[in-house]
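In what follows, chains carry the letters A, B, and so on, assigned in the order in which the sequence lines appear, proteins first and then strands, with residues in each chain numbered from 1.
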Amino acid sequence: MITRKYLLKFPEKAVGKPLIYHLVKDYDLTVNIYRAKIDPDDIGYMVLDVSGRESDIERAKIFFDENEIIVTETMNGMRWDKERCVSCGTCITHCPSNALYIVDRKTMEVSFNNEKCIECMNCISHCPFKACSSIFNSSISE
Amino acid sequence: MKTYEEINRKIASKTAVVMNAEEIIDYVEKKGLDKAAEEVDVVTTATFGPMCSSGCFLNFGHSSPKIRITEAWLDDVLVYSGIAAVDAFLGATQLRHNDPANMYYPGDFRFGGAHVIEKLVRGERVQLFALSYGTDEYPCKELRTYITIDDLNQAQMVNPRNCYQNYNIAVNCSDRSIYTYFGHLKPNMQNLCYCSAGQLSPLLNDPYYKTIGIGTRIWLAGSQGHIYAEGTQHSPDCLRSENGVPREGAGTLSLTADMKKMDPEYVRAVSLKGYGVSLSLGIGIPIPILNKEILKSTTVRDRDIYAPLIDYSSDYPLATGRILTEYNYESLKSGEVEYNGKKIEVGSISSYSKALKIANRLKEEISIGSFTLAEPHTPLPVAGSMNRMKIQQER
């Protein structure tokens, strides 16, 4: 049993399909959706954890491929701009999963661990420097 | 005992011994105060955080036909034009025209004067729209153009209050969220926020202003400027620890420097939800080690600097002066403190890591001889406090 975090990018034409149903029913996967934006007029996104046997996850990826869904493993919906971040630490008490964290209490430098991000988007409005943005809320990231 | 001249000679010959205000702590502990005072010439201090009382004077140059500007906007942000023809003052907290502010509470405050200042320092183009009533020698009544900082004759940053010696720690004791210049404070004291570089901060390393005075050369966002006056609300009469370090706001500085020479990394606009716009600035100030008392003050540690915890839901807005408790910066930097047995998560709005970077940059500039010291011509007041505004019913 393994867990992988994926960012799925949906083309407009995939919007009508019950994809998550197939992940559960056909591939025996446990699915935990962090955030999804499925829009009939635009490209959609979903960030989720899938847990199951590695072979089933690999089969599910082929299923995504067949439906023209782009799977990314190394990214999520949240973007943290290292250059815009000044390591002030305002975000620290507003990030519930500690994805934004202080690397070293001596230098007080802030960093972002996208593995831990649950896409709550709390940081976006709390960052005074607009260092955080999200593909789920592109209007706020200027 | 050393003099400014001696230290400057060493800086010019690239032989000055310079340390930042963090390194000096262990160094003095190891070497002893007497030996270290002989060896070390300069200790660099720094801070980086939002400083609302900031802005800049700009001169646009004359158009043809000429205009005597009476009202003007840069990227739709109003600038003060009640001075000479094509001079203006752009303030950091001014909102963009038509910003809904807190009409839809809490407001986003996405763009204001600080953002225009940041754009100018980045070398980006901004729109100038100007109006006038027209005079015989200044006939133009309206103009719209696009400018960059290079088009301006002068861009002088002039900040009436920067570098607060120490600052409050904010918490929210009420049962609803509040939005402040410290950011979002969650109800029932779930989080708190502080704003100081602690042991790196300039005036905490020189608590009685023995070297930092009017005329001191400073590093303001990479540009060499100076202290032109005591800052507004300068209040040296305050609660102090045995080491002389203030346990509340206390001293402030008025700073100026050429904005054309600034590094955009250290001039950063901030949008504070529910509060407004402000400007975060990076400032470095060198402390000449003229004698061992001055050196001793620079060895102050985070654990020896205390700040007051204030309830920003009632005591701060009503100016009651009530302090809930005090914490030192070492405990704040640990990320969690306790109040009446309850754990409170700690955030901050100033950046220690940027301050450290600035202290090291200033150290480098002094070491290579490109930043020399200027002796203050007038000391900052060491006594005095702020007046409260009196609301008078009669004329």
Side-chain angles (χ1 to χ4, degrees), chain A residues 34-35 37 76-142, chain B residues 22 48-50 106-111 114-115 118 179 181-186 190-195 197-198 200 264-266 268-282 302 329-330 332-336 344-357 360:
Chain A
Y34 292 111
R35 191 172 283 272
K37 182 188 174 194
N76 56 5
M78 226 285 277
R79 300 280 182 269
W80 172 71
D81 184 336
K82 196 176 187 324
E83 297 306 309
R84 289 212 69 80
C85 176
V86 303
S87 292
C88 68
T90 307
C91 55
I92 300 300
T93 62
H94 299 289
C95 176
S97 64
N98 297 321
L100 287 156
Y101 67 106
I102 290 171
V103 185
D104 172 1
R105 294 266 161 201
K106 190 164 157 53
T107 64
M108 299 302 281
E109 203 174 312
V110 172
S111 191
F112 174 62
N113 179 353
N114 66 3
E115 296 276 306
K116 284 192 173 177
C117 178
I118 57 165
E119 309 282 342
C120 72
M121 307 209 297
N122 219 12
C123 54
I124 296 174
S125 65
H126 284 107
C127 176
F129 296 88
K130 296 175 186 151
C132 301
S133 58
S134 172
I135 56 168
F136 294 110
N137 191 7
S138 53
S139 68
I140 286 190
S141 63
E142 286 184 347
Chain B
E22 191 184 274
F48 181 97
D108 285 336
F109 302 98
R110 290 192 199 171
F111 194 88
H115 295 86
E118 180 180 313
Y179 297 88
Y181 58 74
F182 274 110
H184 173 198
L185 297 172
K186 296 187 245 185
Q190 290 176 67
N191 66 328
L192 59 74
C193 193
Y194 69 93
C195 184
L200 273 181
E265 186 181 343
Y266 303 100
R268 306 289 290 273
V270 293
S271 296
L272 294 157
K273 188 178 176 144
Y275 170 74
V277 166
S278 187
L279 183 67
S280 275
L281 287 173
D302 280 333
Y329 286 99
E330 187 179 79
L332 291 169
K333 281 164 79 178
S334 76
E336 195 178 80
I344 312 176
E345 245 194 307
V346 179
S348 82
I349 193 140
S350 55
S351 170
Y352 189 86
S353 76
K354 277 266 187 272
L356 193 57
K357 205 170 163 187
N360 285 333

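- When the candidates B:Ala355, B:Gly347, B:Ser351 are compared by the number of heavy-atom contacts under 4.5 Å with chain A, B:Ser351 comes out ahead.
- Here the OH atom belonging to B:Tyr352 is positioned 10.5 Å from the CG atom belonging to A:Asp104, to the nearest 0.5 angstrom.
- Top candidate by heavy-atom pairs under 4.5 Å with chain A, chosen from B:Lys354, B:Lys333, B:Lys357, is B:Lys333.
- Between A:Phe129 and B:Val270 the shortest side-chain heavy-atom distance falls below 4.5 Å.
- Judged by distance alone, the side chain of B:Arg268 and the main-chain N or O of A:Arg84 form a donor-acceptor pair under 3.5 Å.
- Contacts of B:Glu118 with chain A are made by side-chain atoms alone, with heavy-atom separations under 4.5 Å and no backbone atom involved.
- Proximity to chain A is limited to the side chain of B:Leu356, based on heavy atoms less than 4.5 angstrom apart.
- A:Thr93 places no side-chain N or O within donor-acceptor distance of the main-chain N or O of B:Asn191, the cut-off being under 3.5 Å.
- Proximity to chain A (any heavy atom under 4.5 Å) is restricted, for B:Val346, to the backbone atoms N, CA, C and O.
- Only the backbone of A:Cys85 comes within contact range of chain B, judged by heavy atoms closer than 4.5 Å.
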B:Phe48/A:Val86 under side chain to side chain contact (heavy atoms under 4.5 Å, CB included): CA gap, chis, key distance, verdict: CA-CA 9 Å; B:Phe48 181 97; A:Val86 303; 3.8 Å; yes
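- When heavy atoms are compared at a cutoff of 4.5 Å, B:Tyr194 approaches chain A solely by way of its side chain, counted from C-beta outward.
- Residues A:Lys130 and B:His115 are in side-chain contact: their nearest non-hydrogen atoms beyond the backbone lie under 4.5 Å apart.
- With a 4.5 Å cut-off on non-hydrogen atoms, B:Glu22 touches chain A through its side chain but not through its backbone.
- Residues B:Lys273 and A:Ser125 share a closest heavy-atom pair of NZ-OG, 3.2 Å.
- Checking side-chain atoms of A:His94 against main-chain N and O of B:His184 turns up a donor-acceptor pair under 3.5 Å.
- Listed for the A:Thr90 side chain is a donor-acceptor partner under 3.5 Å among the backbone atoms of B:Ser348.
- When side chains are defined from C-beta on, A:Pro128 does not count as touching B:Ser271, because their heavy atoms never get closer than 4.5 Å.
- Contact of B:Ser280 with chain A is made through the side chain alone, with heavy-atom distances under 4.5 Å.
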